[in-house]
*Asks:* 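To start, I am sharing the structure in question, which I have written as structure tokens.
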There are 2 protein chains.
Amino acid sequence: MSEVAQLADVSPSTVSLYLRRPDEVSSRRAERIQTAIDRLGYLPNTMAGGLASSRSNIIGVIVPTITFSFFAETLETLERNLRAAGYQLLIGNTEFDPSREEELIRSILSWNPSGLVLTGFSHSRKSVSLLAKSDIPIVEMWDYGQEGLDMVVGFSHHTCGRLVAEHLLRNGYRHMAFLSTNFQRDIRARERYHGFRDAIADSGGSVVVRELAGRSNTAEAGKLLCSLVDEHPETQAVFCSNDMVALGAMFECQRQGWSIPGRLAVVGFGNQDFTDSTVPPMTTVEPPRQEIGDHIARLLIDRLKGDDTATRIDLGVRLIVRESG
Amino acid sequence: MSEVAQLADVSPSTVSLYLRRPDEVSSRRAERIQTAIDRLGYLPNTMAGGLASSRSNIIGVIVPTITFSFFAETLETLERNLRAAGYQLLIGNTEFDPSREEELIRSILSWNPSGLVLTGFSHSRKSVSLLAKSDIPIVEMWDYGQEGLDMVVGFSHHTCGRLVAEHLLRNGYRHMAFLSTNFQRDIRARERYHGFRDAIADSGGSVVVRELAGRSNTAEAGKLLCSLVDEHPETQAVFCSNDMVALGAMFECQRQGWSIPGRLAVVGFGNQDFTDSTVPPMTTVEPPRQEIGDHIARLLIDRLKGDDTATRIDLGVRLIVRESG
DNA sequence: GTGAAAGCGCTAACAA
DNA sequence: TTGTTAGCGCTTTCAC
């Protein structure tokens, strides 16, 4: 920067001012400075700036995984909105490991971020105290229904499970199953199951639950479905923890010659792109993937401007009724 | 840090040394320092450290999109490996917009990163000169066959296209189609098409190409396939730019009652999880999604340790022959 | 093995 | 509007 200043024959602080608030510099010098910047190919040093101002344009985001298209879409939307306001995303993924979250929080906090976005409400005690003393805006996303540390943007997975159950019950199904990937570690999949189970219990139906060993492995979903139907031939409908699992279930039905939804109704979660072209089209639940990103960006930007905005937003889900269930 | 020093009754520089090379501090003081750190809940300030040492533990990565599971998997693998070596990923996505890449390079470079990973070989002139003068290790990934700025880890998309064509030709198919999402903007999809087309031309077959308007929209792939077969009823095989498009094509065949591969062979790209359970199982190409991440991490770590390592790695692809083509 | 001192490249008062 | 000055919180010599 001092080189730029020298070449433009102004002081370094004028250059700094020009970079941050160009209209407060006289147009004559502004022009000279810009020329010098171009000539030297000057790139500002963000760390020096951040240190001096003890602020950074970083927003940390912690998600379980970026390979689930849900989260990837939220991240892309969030990034697009936040970038427009001059912020950078620092993304961490826990791979569903709670101890990783603490480590990530620590590492992100050491960057002096302007804000932090977490997935869900479940954090270690240490994480919470770390966050408490940092006093930056925190958003917990992709869930709703608990108190929250600061702001919350998401939806109730319990309600989502109930919604699906009620839909199936209304259509006369009584014996159901929940087919899940990551059931032990994914607290939100478990919540959906709980809502599903509770609604079914209320009306005297039955539910069994099965967990896939790996990630959302479509082939394994098929095998699991087979053994499930073998043990519980009364099963009439399956609610899957995501659309990929549901796709695996549908393919298995096709291979077994089980009609959908005649022999077995299949419901997914995610409303991924492909769900409208399966045969038959898949009934699924649409979570507000992008809306979550949009709302978080808005909340964060407002808060960082000083506004004290609403802190809890329930975006709900939409049940997309097609033909599979 | 000075607070920690005071509480531990040592100098700040000893604390700094302890944090960076703990074994060079006497165990008595080390213990006192650690106690003080815990008591105060001290978190180092990464920006101050980075400024003082004029290094950072950041590795920038620029991908077209993180919502394609290919790239997401490479990112996760890369992150896992690099984290173990003490590096942080700063991820940017261009959304296939070349001008965004330049902007991202600028913004990442201003963080003084230790290295930078780009997708493909196509960069603006400005980007190249920006990178040239930064003298950090650069990796271009997910492609192979051109000179490259520094290191290259990927595979040849042209060869990939040839591979699929040769497989289909060997099985007696003559009239083919290429069904692509993002054909205009995704230079690598286009390269696969070129390889495909060249091999077919060599043996006197025919190819038509069709582009989906949106992202990899499965439903649209179905419609496009229909109009394609309508215009070119001689078409016997379709190579799709990714597995999702291929899935859409397969569903459309099912709806139309076209047998796969009898009436139409379908080949995907990606070997995504679901491809082994489609009906019939999908023939596809497996790109080295995770291997790319592994190799880049190793190259980068070696280079940053001072080793001057091999600079171009062709990981190739595997043709996964199943029943759809 | 430890500490004092200098400075990384900026920003933010403040004075001019 | 512009320049001067004093740090931001660390790391890195270099003496001790």
*Asks:* Below 4.0 angstrom from OP1 or OP2 of D/dT2, is there any side-chain N or O of A/Arg32?
*Replies:* no

*Asks:* Given atom CG of A/Asn57 and atom P of C/dC10, what is their separation to the nearest angstrom?
*Replies:*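 About 15 Å, once rounded to whole Å.
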
*Asks:* A/Ser16 side chain N/O closer than 4.0 Å to the phosphate oxygens (OP1, OP2) of C/dT11?
*Replies:* yes

*Asks:* Does A/Thr14 make a side-chain N or O approach to OP1 or OP2 of D/dG3 shorter than 4.0 Å?
*Replies:*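 Answer is yes, contact under 4.0 Å.
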
*Asks:* Where the side chain of A/Ala48 is concerned, which of D/dT11, C/dG3, C/dC10 is the nearest nucleotide?
*Replies:* C/dC10

*Asks:* Quick one: is C/dT11 close enough that its OP1 or OP2 comes under 4.0 Å of any side-chain N or O from A/Ser53?
*Replies:*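 No, A/Ser53 has no side-chain N/O under 4.0 Å of OP1/OP2 on C/dT11.
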
*Asks:* Among the nucleotides D/dC10, C/dT11, D/dT1, which one has an atom lying closest to any side-chain atom of A/Arg20?
*Replies:*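 Side chain of A/Arg20 sits closest to C/dT11.
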
*Asks:* Would you say a side-chain N or O of B/Ser26 is under 4.0 Å from OP1 or OP2 of C/dT2?
*Replies:* yes

*Asks:* Identify, between B/Ser11 and B/Ala52, the residue whose nearest nucleotide on DNA chain C lies closer to the 5' end.
*Replies:* B/Ser11

*Asks:* Could you tell me whether the side chains of B/Glu101 and B/Ser124 share a donor-acceptor contact shorter than 3.5 Å?
*Replies:*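 No - no donor-acceptor pair under 3.5 Å links their side chains.
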
*Asks:* Counting heavy atoms from C-beta on, name the nucleotide in D/dT4, C/dG9, C/dA12 closest to the side chain of A/Asn45.
*Replies:*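 Looking only at heavy atoms from C-beta outward on A/Asn45, the closest nucleotide is C/dG9.
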
*Asks:* Judged by modelled atom types alone, do B/Thr67 and A/Glu73 share a side-chain donor-acceptor pair under 3.5 Å?
*Replies:* no

*Asks:* Is a side-chain donor-acceptor pair under 3.5 Å present for A/Ser107 with A/Ser110?
*Replies:*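 Checked: A/Ser110/A/Ser107 side chains show no N/O donor-acceptor pair below 3.5 Å.
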
*Asks:* Distance only, no hydrogens: is a donor on one side chain within 3.5 Å (strictly under) of an acceptor on the other, for A/Asp38 and A/Gln34?
*Replies:*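 A/Gln34 and A/Asp38 do have a side-chain donor-acceptor pair below 3.5 Å.
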
*Asks:* Would you mind reading off the distance between B/Leu43 atom CG and D/dC10 atom C1', rounded to a whole angstrom?
*Replies:*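 To the nearest whole Å, that distance equals 14 Å.
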
*Asks:* Between C/dG1 atom P and B/Leu17 atom CG, what is the distance in whole Å?
*Replies:* 9 Å

*Asks:* So, is A/Arg55 close to the C/dA12 phosphate, meaning a side-chain N or O under 4.0 Å from OP1 or OP2?
*Replies:*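 It does, given that an N or O in the side chain of A/Arg55 lies less than 4.0 Å from OP1 or OP2 of C/dA12.
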
*Asks:* Can you measure B/Met1 atom CE to C/dA4 atom C1' for me and round it to whole angstrom units?
*Replies:* 15 Å

*Asks:* From CD of B/Gln6 over to C1' of C/dG3, roughly how many Å is that when rounded to an integer?
*Replies:*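 Result: 15 Å.
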
*Asks:* Tell me whether the side-chain N/O atoms of A/Tyr18 come closer than 4.0 Å to OP1 or OP2 in D/dG3.
*Replies:*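 No, no such contact exists.
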
*Asks:* What is the minimum heavy-atom distance between A/Ile136 and A/Asp150, and which atoms define it?
*Replies:*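 Closest approach of A/Ile136 to A/Asp150: O-OD2, 4.2 Å.
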
*Asks:* Report yes or no: is the cationic atom of B/Arg312 (NZ for Lys, CZ for Arg) closer than 6.0 Å to the six-membered ring centre of B/Tyr144, at no more than 45° off its axis?
*Replies:*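 Ring-cation test returns yes.
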
*Asks:* Taking atom P of C/dC10 as reference, at what distance in whole Å does atom CG of A/Asn112 sit?
*Replies:*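 Going from CG in A/Asn112 over to P in C/dC10 covers 18 Å.
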
*Asks:* Take A/Arg28 and B/Pro44, find for each the nucleotide of DNA chain D with the closest heavy atom, and name the residue whose nucleotide sits nearer the 5' end.
*Replies:*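 Mapping each residue to its closest nucleotide by heavy atoms, the 5'-most match is A/Arg28.
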
*Asks:* Determine whether a donor-acceptor pair (one donor, one acceptor, N or O, separation below 3.5 Å) exists between the side chain of A/Ser13 and the base of D/dG3.
*Replies:* yes

*Asks:* Taking OP1 and OP2 of C/dT2, is either one under 4.0 Å from a side-chain nitrogen or oxygen of B/Arg29?
*Replies:* yes

*Asks:* To the nearest Å, how far apart are B/Tyr42 OH and D/dG9 P?
*Replies:* 10 Å

*Asks:* Could you state the CG-P distance from B/Leu51 to C/dG7, rounded to the nearest angstrom?
*Replies:* 14 Å

